[in-house]
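Accompanying notes for the structure given below.
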Amino acid sequence: MSEATSKPLNFLEQIIKQDLESGKTSRVITRFPPEPNGYLHIGHAKSICLNFGLAQTFGGECNLRFDDTNPAKEELEYVEAIKEDVSWLGFDWAGDVRYASSYFDKFYEWALHLINEGKAYVCHLNPEESKEYRGWATKPGKESPYRNRSVEENLAEFEKMRAGEYDEGACSLRAKIDMASPNMNLRDPMLYRIRKQSHHQTGDKWCIYPTYDFAHGQEDAIEGVTHSICTLEFADHRPLYEWFIENLPVPAKPVQYEFARLELNYTVTSKRKLKQLVDEGHVDGWNDPRMPTISGMRRRGYTPASLRNFCEMIGVTKSGSTIDMGQLEYCVRDDLNNTAPRAMCVLNPLKVTITNMPEGEKQVMTQSVHPNREEMGERELPFSRDIYIDREDFTEDTTLSRKKFKRLVLGEYVRLRGAYVIKAEESVKDEDGNIIEVIATLVEGTVGENPPEGIKPRGVIHWVDANDCVDCEVRLYDRLFSDAAPDAGDKNFLDVLNPESLKILNGCKAEKSLLTAEAEKAYQFEREGYFCLDSKYATAVKPVFNQTIGLKDNWANKV
RNA sequence: UGGGGUGUAGCCAAGCGGUAAGGCAGCGGGUUUUGAUCCCGUCAUGCGAAGGUUCGAAUCCUUCCACCCCAGCCA
């Protein structure tokens, strides 16, 4: 790590390195603490890579802990999905999955401890009154009239809360700190509130639930977490986090650090908004391939490695930043370019008949599965008199320069990828003047060989044997939002949804080898992009392919 | 205008008193049976602004400016 070529340490790595060197800690324990109230998204991927990555780098461990302190918003479906996403990303948590809810007895005991110390009280102010008493940024709060109850009374009232004798909102347990603190979080924060709901892990055992603030640091302490890493908006909570650690007989003293959450342009990373997209049917579920969720990206064909590389590449700092979507796309292309098998698929088929090839004759071309990775083997491509090419790869316009149109032009030559050089002899049109077929001839001896002197193919195009191919559906995706900052200002993100984010193409013609494609495993459809079989809609008789990402294409606007 | 946080290129990001790394994007060129990949070159006299300290400042000091977060019985 001291080599000149190594990546510089981010600020958290520097802190941990120092803590290890100074002996402040001898091992590193981190945790990824999602609340199971939605699916994980790209922003969580950053946190996962950070927390698990730090543990890996320094030979420590990282826990997966569900921060399930609010039964009103949480569901078992989400905990299962989150576990799957973390595993898929390639990380193993230490030991069993943890739950904040499994520490509820301990939290209750610690609440009693604070009451006994005179540091917590049951407050019967209702939500509106609490708000009023809290004051404002420039205005100190007022002390609750219940603030100075006796320990005995508080104990009795808290027991009544726990026993279900009060309705939701009737009262709460609060810490006695400082109603005049400039930090709003220290103005007698709430520790417990009443929620008469069953919990996905603890059932109906409790009707009072600890707040985030009263739970998080203590969870960390119980698990021996040394570096508790959260996002910037919790920085204001750090003094409170520390207050609990100082005032409770906790078994360890974790320290909280904050980093900037990931923002990506042209998308939203807010569970609330993503849930709204799902609930209102703007997308096809949490794993819609257009969603920035981990499950959506997986269904789209993104790989764990590409996401990990992305998170590594963007860095970790405390400055709020918005990463360009292009950077994520670069990582996906970079990984897929190296790993994806190649195949050919014609998206908008145009029939080509090769007249100097006898009807019924079948030839077989062989083509490498990957141009620079011989070990991936070869594939066979049937070739006959009738083939399909893409409509966009043929034109009758003979005035186009060779630089501007490197495809098939009437009267000229083009190379069929992995097969012959052909010449377009004439085009056939329907009564409306649309080109429906191209009549062509092949140049003998051009498979794997250059054509004779004088024949200069304009370029290389992809094709598929019309007599031996697979009919399929292809789904093309564009960004979900047409605005770079769907969230910004007071604009409604739903107003900037991109109406063209999904295009469904039917009647596409894929090469036969694609019949064995595995769901979510991307192929490169040569000259088109990366595509994977959809895990939801593909059937044995009808493959459906999702476009993972297009090939980089910077010639269109240059010529 | 209370508290907390952040300002280095179009987007990220190193830098920790010794004279602005790297990546993405862009631009120019080369190779190529994918207009992809790959390769080469190019891209901040400048670090939010203004003062100050110093032989020397993105780094230290002062003042100012801009943006983000906090008034849930959400996390």
Side-chain angles (χ1 to χ4, degrees), chain A residues 4-5 7-10 14 33-35 37 67-70 72-74 123 125-127 130-132 134-141 168-174 181-187 190 192-195 209 211-213 215-216 230-239 258 260 265 271-272 310 312-331 333-334 337-338 342 344 367 371-372 403-407 414-419 421 446-450 457 459-462 524-529 550-556 558-559:
Chain A
T5 52
K7 203 169 188 277
L9 300 182
N10 66 44
Q14 292 181 25
E35 183 191 14
N37 65 345
D67 222 348
D68 54 349
T69 57
N70 185 359
K73 295 189 172 182
E74 298 155 8
C123 179
L125 252 26
N126 65 35
S130 293
K131 180 176 178 174
E132 191 188 318
R134 190 156 36 232
W136 177 238
T138 54
K139 180 179 146 214
E168 291 190 10
C171 56
S172 62
L173 183 72
R174 301 173 68 181
S181 172
N183 182 340
M184 302 294 288
N185 295 121
L186 264 22
R187 319 250 262 226
M190 180 168 295
Y192 267 97
R193 74 289 218 194
I194 299 167
R195 281 283 172 280
Y209 291 90
T211 56
Y212 165 85
D213 286 310
H216 208 91
C230 60
T231 44
L232 251 26
E233 66 269 30
F234 291 100
D236 282 341
H237 295 241
R238 192 179 345 116
E258 310 87 23
N265 64 11
K271 270 197 250 179
R272 200 210 97 220
F310 172 69
E312 182 64 29
M313 189 178 273
I314 59 176
V316 179
T317 69
K318 299 184 75 160
S319 58
S321 55
T322 303
I323 311 291
D324 195 307
M325 186 67 95
Q327 189 125 358
L328 208 209
E329 295 176 342
Y330 164 83
C331 291
R333 286 194 187 98
D334 187 49
N337 176 51
N338 288 317
R342 311 285 126 126
M344 290 196 282
Q367 182 71 176
N372 346 304
K403 189 174 166 81
K404 194 161 185 162
F405 195 80
K406 302 184 171 193
R407 313 175 186 192
V414 82
R415 159 74 66 184
L416 294 178
R417 175 78 165 152
V421 168
T446 52
V447 176
E449 302 291 338
N450 286 328
V460 182
I461 64 173
H462 58 104
Q524 185 195 93
F525 288 180
E526 290 188 286
R527 297 210 320 130
E528 291 290 357
L551 252 24
K552 186 175 163 190
D553 156 14
N554 45 18
W555 58 274
K558 270 189 191 178
V559 288

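These values consider heavy atoms only, across backbone and side chains, with no hydrogens, waters or symmetry-generated copies. Every chain is numbered from 1, with letters handed out A, B, ... down the list of sequences. Because the structure is predicted, anything quoted here is derived from the model rather than measured.
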Same-atom distance ([atom1]) from [N] to [M], integer angstrom:
N	M	atom1	value
G26(B)	G17(B)	C1'	34 Å
U59(B)	A20(B)	C1'	12 Å
A14(B)	G46(B)	P	23 Å

What's the closest nucleotide to the side chain of [X] if the choices are [options]?
X	options	value
Glu35(A)	A75(B), G7(B), G4(B)	A75(B)
Glu233(A)	G72(B), G26(B), A75(B)	A75(B)
Asn337(A)	U37(B), A36(B), C12(B)	U37(B)
Lys318(A)	G5(B), C73(B), C74(B)	G5(B)
Met190(A)	C73(B), C70(B), A75(B)	C73(B)
Arg195(A)	C38(B), A75(B), C73(B)	C73(B)
Val460(A)	A14(B), C73(B), U33(B)	U33(B)

Any strand: nucleotide that pairs with [N] via Watson-Crick or wobble, under 3.5 Å:
N	value
A14(B)	none
C38(B)	G30(B)
U62(B)	A50(B)
C67(B)	G5(B)

NA contact type, [X], heavy-atom cut-off 4.0 Å: base, sugar-phosphate, or nothing?
X	result
Phe234(A)	base
Arg134(A)	sugar-phosphate
Pro371(A)	base

Between [N] atom [atom2] and [X] atom [atom1], what is the distance in whole Å?
X	N	atom1	atom2	value
Arg417(A)	U37(B)	CZ	C1'	11 Å
Asn10(A)	C12(B)	CG	C1'	14 Å
Asp236(A)	C68(B)	CG	P	16 Å

Residues which pass salt bridge (charged side-chain N to carboxylate O under 4.0 Å, His left out) with Lys131(A), listed by chain and number, not counting sequence neighbours: none

Is there, by distance only and without an angle test, a donor paired with an acceptor across the side chain of [X] and the base of [N] below 3.5 Å?
X	N	result
Arg333(A)	U37(B)	no
Gln524(A)	U34(B)	yes
Arg407(A)	G35(B)	yes
Arg415(A)	U33(B)	yes

Kindly write out the residues that satisfy ring-ring contact (aromatic ring centres under 6.0 Å, His included) with [X], not counting sequence neighbours, or none if the list is empty.
X	result
Phe234(A)	Tyr212(A), His237(A)
Phe525(A)	Phe531(A), Phe545(A)
Phe405(A)	none

Pairs flagged by salt bridge (charged side-chain N to carboxylate O under 4.0 Å, His left out) wherever residues 314-323 of chain A is involved - sequence neighbours left out: Glu258(A)-Lys318(A)

Anti or syn - G51(B), cut at 90° from 0: anti

Side-chain N or O of Thr69(A) closer than 4.0 Å to phosphate OP1/OP2 of A75(B): yes

Check: His216(A) and Thr69(A) side chains under 4.5 Å, non-hydrogen atoms: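 With C-beta onward as the side chain, the pair stays apart.
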
CD/Gln14(A): more than 12 non-hydrogen atoms of other groups inside 6.0 Å: yes

Footprint string (nucleotides 15-24 of chain B, 5' to 3'): B base within contact, S backbone only, - free, heavy atoms under 4.0 Å: SB----B-BS

